[in-house]
Colleague: 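This structure is in structure tokens; I'll ask about it shortly.
Start at 1 with the first residue, then count along the sequence. Below, each value reflects all heavy atoms present in this structure, side chains not excepted, and no hydrogens, waters or symmetry copies.
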Amino acid sequence: MDVDQILTGLYSEQGRQDPYPWYAALHEHGPISAVPTRAEHSTITAVAGGYDLVDQVLRDPGWYKGAPPGWQEQEILRTFLSSMMFTNPPDHTRMRAVFAKTFTPRRLGALEPVIVRVVEERLDRMAEAGADGGEVDFVADFAYPVPALVMAEFIGLPQADLAWYRQRVDWIDEYMDVAGKTPERVARANQAAEELRAYYRDLIAHRRRQPGEDLISGLVEVLDAGGVELTEEELISNLIVLFNASFVTTVYMFSNGLPLLLAHPDVVAALPGDDALARGCVDEVLRMESPVHFLARSAPEDTELGGVPVKRDENLLLLVAAANRDPARFPDPDRFDPHRPGPPSLAFGVGLHFCLGSAVSKLEGRLALPRLFARFPRLAVTQPFTYSGSLFLRGIDKLFVSTGNREH
């Protein structure tokens with residue numbers, strides 16, 4: 001199978017549901033391959049799926065995030081490109097330094113009891129919904145509300161606003177997919193960005209009047225104290241992107257991870273009370289079912305990677321999910337092994353743009369999974385499920401389960 005056939009397969013519905021055979025086929029061509037000229041990938045020169053090469057490019061600050069043409073005309077792109085996730089040094093460095101001052105170990109430590117409380121509340125809801133053999137949508141009742149409620153409390157969003165907020169998150173995520181640039185999706189994403197910007201302006205003004213212990217209050221305090229180069233509009237852009245990135249990836253960590261874990265009943269039985277195993281399970285779920293499947297970087301100069309020439313300013317597609325199953329770095333890569341040695345997964349990126357919220361996401365997984373299986377040791381998936389269909393953020397949006405009607 002040549003690279004053109006592999007990419008065609010990835011773009012198909014079958015590939016979106018199960019991209020891993022296509023990634024395996026790509027590995028047979030080496031760590032990087034030139035991309036044939038076709039309309040659907042006209043902006044991409046090469047595609048990389050080798051772990052070491054993807055890791056190398058992500059760690060190299062010279063490889064930059066390119067701005068799409070006409071970005072100034074779209075509110076969603078103006079928001080993205082004024083946030084640290086989509087900018088390059090020195091702007092990236094300037095913005096990230098402000099957030100690093102507020103993502104403190106103290107604030108992260110204070111989240112642990114919040115996560116435990118939210119998890120226990122959601123488990124109670126699942127128990128009620130699953131009483132007498134009733135089905136429970138694991139995503140609606142657990143995988144979505146746990147990170148949403150935790151991030152809302154961490155950032156400082158009123159819980160009552162979350163349903164309204166989620167719709168705007170969904171519009172932005174639809175736009176982020178490689179097939180998401182239809183006029184309808186662009187319009188919805190622009191609307192979401194405009195409405196979220198207005199929402200955060202009001203929330204920041206409220207926190208100035210009545211500060212709390214949340215992230216927004218901490219950031220406003222840092223901003224108003226002076227000595228930092230960050231505008232309020234940049235703060236808003238970063239809050240929008242941070243919530244989307246930290247929250248959606250955690251939803252999919254839970255929903256993608258549950259079927260994977262349930263296929264290993266010995267692991268499920270051993271999870272309650274075993275913190276080391278919980279950490280290993282979170283890491284292995286993120287490796288095998290990474291919510292983010294690709295990133296892109298632009299070449300700082302004419303170069304050659306693995307024998308493939310990439311000219312200055314041309315784009316390289318980095319298949320993070322393929323790198324996480326690179327057989328050269330992960331022997332028997334399709335086997336779930338929570339004790340697996342070797343390099344860390346690239347699920348949260350690496351280098352300059354390593355996800356700031358990764359520690360929160362992993363903490364949620366480590367605390368939630370043992371409690372979930374302690375409460376419902378006979379948890380089982382009851383209906384076939386499908387993935388979101390996105391080649392960017394891939395996850396299960398509906399997952400019906402039985403709680404087993406027995407609790408500890």
Colleague: For the residue pair H264 and F336, does the interplanar ring angle fall in the parallel (under 30°), tilted (30 to 60°) or perpendicular (over 60°) class?
Modeller: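 If you compare the ring of H264 with that of F336, the planes turn out tilted.
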
Colleague: Find out whether E234 and T231 are in side-chain contact, i.e. whether some heavy atom of one side chain is under 4.5 Å from a heavy atom of the other.
Modeller: yes

Colleague: Can you check side chain to side chain contact (heavy atoms under 4.5 Å, CB included) on F294 and L10, steps first, answer last?
Modeller: CA-CA 12 Å; F294 67 81; L10 271 176; over 6 Å; no

Colleague: Strictly by modelled atom types, are N315 and S298 linked by a side-chain donor-acceptor pair under 3.5 Å?
Modeller: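 Distance-only check passes for N315 and S298.
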
Colleague: Can you give me the closest heavy-atom contact between G395 and N256, atom names plus distance?
Modeller: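 It is CA-OD1, 3.1 Å.
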
Colleague: Would you please indicate yes or no on a ring centroid separation below 6.0 angstrom for F142 and F254?
Modeller: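 They qualify: ring centres under 6.0 Å apart.
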
Colleague: Does a side-chain heavy-atom distance below 4.5 Å link Y144 with S255?
Modeller: no

Colleague: Main chain of A189, side chain of R168: is a donor-acceptor contact present, judged purely on distance under 3.5 Å?
Modeller: no

Colleague: Could you check whether R197 and S237, counting side-chain N and O atoms only, form a donor-acceptor pair closer than 3.5 Å?
Modeller: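 On atom types as modelled, these side chains qualify, holding a pair under 3.5 Å.
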
Colleague: Looking at every non-hydrogen atom in both residues, tell me the closest pair between W171 and A192 and how far apart they are.
Modeller: CE3-CB, 3.9 Å

Colleague: Got a sec: does the CD of Q191 have more than 12 other heavy atoms crowding it under 6.0 Å?
Modeller: yes

Colleague: If only side-chain N and O atoms count, and only distance matters, is there a donor-acceptor pair under 3.5 Å linking E135 with T382?
Modeller: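 Result is yes, a qualifying pair exists.
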
Colleague: Tell me whether the count of non-hydrogen atoms from other residues, nucleotides or ligands lying under 6.0 Å of CZ in R125 goes above 12.
Modeller: no

Colleague: Taking it one step at a time, do D283 and R279 satisfy salt bridge (charged side-chain N to carboxylate O under 4.0 Å, His left out)?
Modeller: CA-CA 6 Å; D283 289 342; R279 291 173 187 267; over 6 Å; no

Colleague: Counting N and O atoms only, with roles assigned by atom type, does the side chain of H339 sit under 3.5 Å from a partner on the main chain of L277, one being a donor and the other an acceptor?
Modeller: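 Not confirmed, H339 side chain does not pair with L277 backbone.
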
Colleague: Taking the ring centre of each residue, are F385 and F400 less than 6.0 Å apart?
Modeller: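 No: the rings miss the under 6.0 Å criterion.
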
Colleague: What residue among L157, V118, I115 forms side chain to side chain contact (heavy atoms under 4.5 Å, CB included) with L149?
Modeller: V118

Colleague: Roughly how far, to the nearest 0.5 Å, is the CG atom of L286 from the SG atom of C281?
Modeller: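 So the SG of C281 and the CG of L286 are separated by 11.0 Å.
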
Colleague: Is the charged tip of R394 near the ring of Y387: under 6.0 Å from the six-membered ring centre and within 45° of its axis?
Modeller: yes

Colleague: Is the NZ or CZ atom of R188 positioned over Y175's six-membered ring, under 6.0 angstrom from the centre and within 45° of the axis?
Modeller: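 Geometry flag: not set, cation outside 6.0 Å or 45°.
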
Colleague: Give a yes or no answer on whether the side chain of H27 reaches the backbone of A328 with a donor-acceptor pair at less than 3.5 Å.
Modeller: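 Looks like no, no N/O pair under 3.5 Å.
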
Colleague: Please evaluate residues E314 and I44 with respect to the criterion side chain to side chain contact (heavy atoms under 4.5 Å, CB included), reporting the C-alpha separation (whole Å), side-chain torsions for both, the decisive distance (0.1 Å), and the verdict.
Modeller: CA-CA 7 Å; E314 288 185 339; I44 302 295; over 6 Å; no

Colleague: Would the distance check show the side chain of S290 and the main-chain N or O of R287 forming a donor-acceptor pair, the cut-off being under 3.5 Å?
Modeller: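 The answer is no, because no donor-acceptor pair under 3.5 Å joins these two groups.
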
Colleague: Distance from L319 atom CG to W22 atom CH2, nearest 0.5 Å?
Modeller: 14.0 Å

Colleague: CD/Q383 to CG/D137 distance, rounded to the nearest 0.5 angstrom?
Modeller: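 So the CD of Q383 and the CG of D137 are separated by 9.0 Å.
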
Colleague: Spell out, as yes or no, whether a donor-acceptor pair under 3.5 Å connects the side chain of S388 to the backbone of I396.
Modeller: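 Side chain of S388 to backbone of I396: no pair is present.
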
Colleague: How long is the straight-line distance from CG of L346 back to CG of L295, given to the nearest 0.5 Å?
Modeller: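 One finds 9.0 Å between CG of L295 and CG of L346.
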
Colleague: Is there a donor-acceptor contact under 3.5 Å from the side chain of K398 to the main chain of A140?
Modeller: no

Colleague: For a salt bridge (charged side-chain N to carboxylate O under 4.0 Å, His left out) check, start with the C-alpha distance between E232 and R201, then their side-chain angles and the critical distance, and finish with the verdict.
Modeller: CA-CA 8 Å; E232 185 167 309; R201 286 188 197 103; 6.0 Å; no

Colleague: Looking at every heavy atom in both R208 and P211, which two are closest together, and how far apart are they?
Modeller: O-CD, 4.0 Å

Colleague: Decide if atom CD of E121 counts as having more than 12 heavy atoms of other residues, nucleotides or ligands within a radius under 6.0 Å.
Modeller: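 Correct, the count exceeds 12.
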
Colleague: Taking all heavy atoms of P265 and all of L262, pick out the closest pair and write down the distance.
Modeller: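 Reported closest heavy-atom pair: CD-O, 3.8 Å.
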
Colleague: Evaluate the criterion salt bridge (charged side-chain N to carboxylate O under 4.0 Å, His left out) for residue pair E75 and R78; output intermediate values, then yes/no.
Modeller: CA-CA 5 Å; E75 184 64 57; R78 289 197 297 271; 2.8 Å; yes

Colleague: Hey, could you give me the CD1/CD1 distance between I204 and I236, rounded to the nearest 0.5 Å?
Modeller: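 The distance works out to 4.5 Å.
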
Colleague: Begin from the C-alpha positions of F80 and M85 and carry the test side chain to side chain contact (heavy atoms under 4.5 Å, CB included) through to its verdict.
Modeller: CA-CA 7 Å; F80 284 165; M85 188 174 288; over 6 Å; no

Colleague: Is there a donor-acceptor pair closer than 3.5 Å between any side-chain N or O of R185 and the backbone N or O of E174?
Modeller: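 The answer is yes, because a donor-acceptor pair under 3.5 Å joins these two groups.
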
Colleague: Using only heavy-atom distances, determine whether the side chains of H293 and Y23 contain a donor-acceptor pair under 3.5 Å.
Modeller: yes

Colleague: Does the side chain of Y199 pick up a donor-acceptor pair with the side chain of D161 at under 3.5 Å?
Modeller: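 Yes, D161 and Y199 have a side-chain donor paired with an acceptor closer than 3.5 Å.
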
Colleague: Quick one: do L196 and I172 satisfy side chain to side chain contact (heavy atoms under 4.5 Å, CB included)? Show the steps, please.
Modeller: CA-CA 11 Å; L196 287 170; I172 291 172; 3.9 Å; yes

Colleague: Is any side-chain heavy atom of L258 closer than 4.5 Å to a side-chain heavy atom of V401?
Modeller: yes

Colleague: Between D332 and R335, does at least one N-O distance fall below 4.0 Å, as a salt bridge requires?
Modeller: yes

Colleague: Testing the basics here: between P68 and L81, what is the closest heavy-atom pair and its distance to 0.1 Å?
Modeller: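 Heavy-atom minimum between the residues: CD-CD1, 4.2 Å.
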
Colleague: Tell me whether E213 at atom CD has more than 12 heavy atoms from other residues, nucleotides or ligands lying less than 6.0 Å away.
Modeller: no

Colleague: Are the side chains of V114 and F154 in contact, using a 4.5 Å heavy-atom criterion?
Modeller: no

Colleague: What's the separation between atom OG1 in T403 and atom CZ in R378, rounded to the nearest 0.5 Å?
Modeller: 9.0 Å

Colleague: When you measure from the centre of the six-membered ring of Y64, is the NZ or CZ of R297 closer than 6.0 Å and no more than 45° off the axis?
Modeller: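 Output no; distance or angle outside limits.
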
Colleague: So, for T87 and S83, which heavy atoms are closest and what is the spacing to 0.1 Å?
Modeller: OG1-O, 3.0 Å

Colleague: Can you find a pair of side-chain heavy atoms, one from R375 and one from D124, that are under 4.5 Å apart?
Modeller: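 Yes, their side chains come closer than 4.5 Å.
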
Colleague: Are any side-chain N or O atoms of D302 and backbone N or O atoms of R312, one a donor and one an acceptor, separated by less than 3.5 Å?
Modeller: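 Here the side-chain-to-backbone pair exists.
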
Colleague: Please determine whether the number of non-hydrogen atoms from other residues, nucleotides or ligands lying under 6.0 Å from atom CD of E221 exceeds 12.
Modeller: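 No - once you tally the heavy atoms of other residues, nucleotides and ligands closer than 6.0 Å, there are 12 at most.
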
Colleague: Are side-chain heavy atoms of Y252 and E289 found at a separation under 4.5 Å?
Modeller: no

Colleague: Side chains of E304 and V310, heavy atoms from C-beta outward: is any pair under 4.5 Å?
Modeller: no

Colleague: Between D91 and R94, is a salt bridge (charged side-chain N to carboxylate O under 4.0 Å, His left out) present by the stated rule, with each step listed?
Modeller: CA-CA 5 Å; D91 285 335; R94 170 176 61 81; 3.1 Å; yes

Colleague: Could you check whether any side-chain N or O of R325 sits under 3.5 Å from a backbone N or O of M288, counting only pairs where one atom can act as donor and the other as acceptor?
Modeller: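 Yes; at least one donor-acceptor contact below 3.5 Å.
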
Colleague: With a 4.5 Å cut-off on side-chain heavy atoms, are T45 and V35 touching?
Modeller: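 Heavy-atom side-chain distance check fails, nothing below 4.5 Å.
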
Colleague: Between D4 and P36, is there a donor-acceptor pair closer than 3.5 Å when you use the side chain of the first and the backbone of the second?
Modeller: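 Side chain of D4 to backbone of P36: no pair is present.
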
